[in-house]
Amino acid sequence: MNALKPSFYEQDTLQLSKTLLGKLLIHETSAGLISGWIVETEAYIGPIDQAAHSFNNRRTKRTEIMYGAPGFAYIYTMHNHTLLNVVSGKLGNPEAVLIRAIEPVEGIEFMIQSRGEHIHQTNQLTNGPGKLTKALQISNAQYGHPLFTKPLYIAEGKEIKTVSSGPRIGIDNKGEAKFYPWRFWETGNGYVSKKLGSNFENNLFT
DNA sequence: GTCGAGATCCTC
DNA sequence: AGGATCTCGACG
């Protein structure tokens with residue numbers, strides 16, 4: 001499987017959030033290959049986005065990678081969970097796309113092992129940003145990894161027919177930003193993290 | 001050094 | 001609805 005080239009990431013962050021849907025996220029671990037189609041994303045556009053860690057161009061050790069070239073992994077921990085973002089935007093612009101859910105493709109047995117015994121349904125393996133990193137064995141050690149190179153990379157995947165959008169999840173205390181429709185998912189996909197919210201759902205392509 | 005908050009997940 | 005339980009960032 002060929003990784004998408006660095007130039008793929010040189011597009012507007014909202015556009016990238018949509019075009020990442022259907023792409024294949026792959027981790028080649030020592031145990032074997034684990035992969036899944038990206039089915040849900042969120043955009044974070046630092047300078048103007050209260051919900052972003054880089055809001056108002058806040059620059060810290062953690063957000064530093066967001067200011068670099070697009071296509072690198074911004075990984076951070078919240079509570080006990082690891083979250084994976086794709087750095088986006090031009091060099092110097094601290095933007096990123098959060099990968100919120102994938103649909104398992106290969107290495108499902110590894111996903112089950114990694115996630116633990118309490119999982120009894122395949123659609124519970126990777127339907128959340130903390131879940132999918134655990135399933136794919138992604139950790140903070142991959143902070144800054146270029147996502148166009150092995151062992152952790154993104155490749156072409158499947159065709160997405162319809163994309164939906166709506167407000168992002170878990171940022172209710174972030175003022176106006178909580179209304180921005182910067183969450184994107186494949187319409188009707190059963191591996192998306194939360195059932196909608198039909199009030200806020202918009203179909204972008206039909 | 002201390003302290004509070006959080007782009008979550010799981011169980012009750 | 002609440003708790004787990006870790007990291008970062010702000011403050012001093």
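Just so you know, these numbers come straight off a predicted model, no measurement behind them. Throughout, a chain's letter reflects where its sequence line sits, starting with A, and its residues are numbered from 1.
- In this structure, the CG atom of A:Leu84 is 13 Å from the P atom of B:dC9, given to the nearest Å.
- An OP1 or OP2 oxygen of B:dT11 is reached within less than 4.0 angstrom by no side-chain nitrogen or oxygen of A:His118.
- Here the shortest heavy-atom pairing between A:Val97 and A:Ser17 reads CG2-OG, 3.4 Å.
- Comparing B:dC9, C:dG9, B:dA7 against the side chain of A:His81 picks out B:dC9 as the nearest.
- Between A:Arg62 and C:dG9 there is a side-chain N or O to OP1 or OP2 distance below 4.0 Å.
- The aromatic rings of A:Trp182 and A:Tyr180 sit tilted, their planes meeting at an angle between 30° and 60°.
- Taking 4.0 Å as the cut-off between side-chain N and carboxylate O, A:Lys158 and A:Glu186 count as a salt-bridged pair.
- Between the NZ atom of A:Lys194 and the C1' atom of B:dC9 there is a distance of 10 Å, rounded to whole Å.
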Quiz item: Pairing of DNA chain B as dot-bracket, 5' to 3': ( ) intra-strand, [ ] crossing, | other strand, . unpaired, with Watson-Crick or G-U pairs under 3.5 Å?
Solution: ||||||.||||.

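- Once rounded to the nearest 0.5 Å, the distance linking OG of A:Ser114 with CG of A:Leu132 reads 12.0 Å.
- Nucleotide B:dT8 holds its P atom 11 Å from the CZ atom of A:Arg168, rounded to whole Å.
- Under 4.0 angstrom from either OP1 or OP2 of C:dG9 there lies no side-chain N or O belonging to A:Lys61.
- For A:His79 and B:dT8, the ring-to-base geometry satisfies the stacking test (centroid distance below 5.5 Å, interplanar angle below 30°).
- Between A:Arg115 and the phosphate of B:dC10, there is a side-chain N or O to OP1/OP2 separation shorter than 4.0 Å.
- Here B:dG6 presents its P atom at 22 Å from CD1 of A:Ile75, a figure rounded to the nearest Å.
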Self-check item: Residue pair A:Phe72, A:His145: steps toward the ring pair (Phe, Tyr, Trp, His ring centres under 6.0 Å) verdict
Solution: CA-CA 6 Å; A:Phe72 290 76; A:His145 176 80; 8.5 Å; no

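- Note on A:Thr77: every side-chain N or O is 4.0 Å or more away from OP1 and OP2 of C:dC6.
- The side chain of A:Arg183 places no N or O atom within less than 4.0 Å of a non-bridging phosphate oxygen (OP1 or OP2) of B:dA7.
- Remark: A:Lys178 is not in phosphate contact with B:dA7, judged by side-chain N or O atoms under 4.0 Å from OP1 or OP2.
- Checking A:Ile171 against A:Ile119, the closest nucleotide of DNA chain B that is more toward the 5' end is the one next to A:Ile171.
- When all heavy atoms of A:Glu40 and A:Arg183 are compared, the closest pair comes out as OE2-NE, 2.7 Å.
- Phosphate proximity of B:dA7 to A:His53: present, with a side-chain N or O under 4.0 Å from OP1 or OP2.
- A:Asn2 and A:Glu156 form no side-chain donor-acceptor contact under 3.5 Å, judged by distance and modelled atom types alone.
- The NZ-P distance, from A:Lys174 to B:dG6, rounds to 5 Å in whole Å.
- We find that CG of A:Asn140 is positioned 16 Å from P of B:dA7, with the value rounded to whole Å.
- Nucleotide B:dA5 holds its C1' atom 15 Å from the CG atom of A:Asp172, rounded to whole Å.
- Between the CG atom of A:Asn80 and the P atom of B:dC9 there is a distance of 12 Å, given to the nearest Å.
- Of the charged side-chain nitrogens involved, at least one lies within less than 4.0 Å of a carboxylate oxygen, so that A:Arg168 and A:Asp49 count as a salt-bridged pair.
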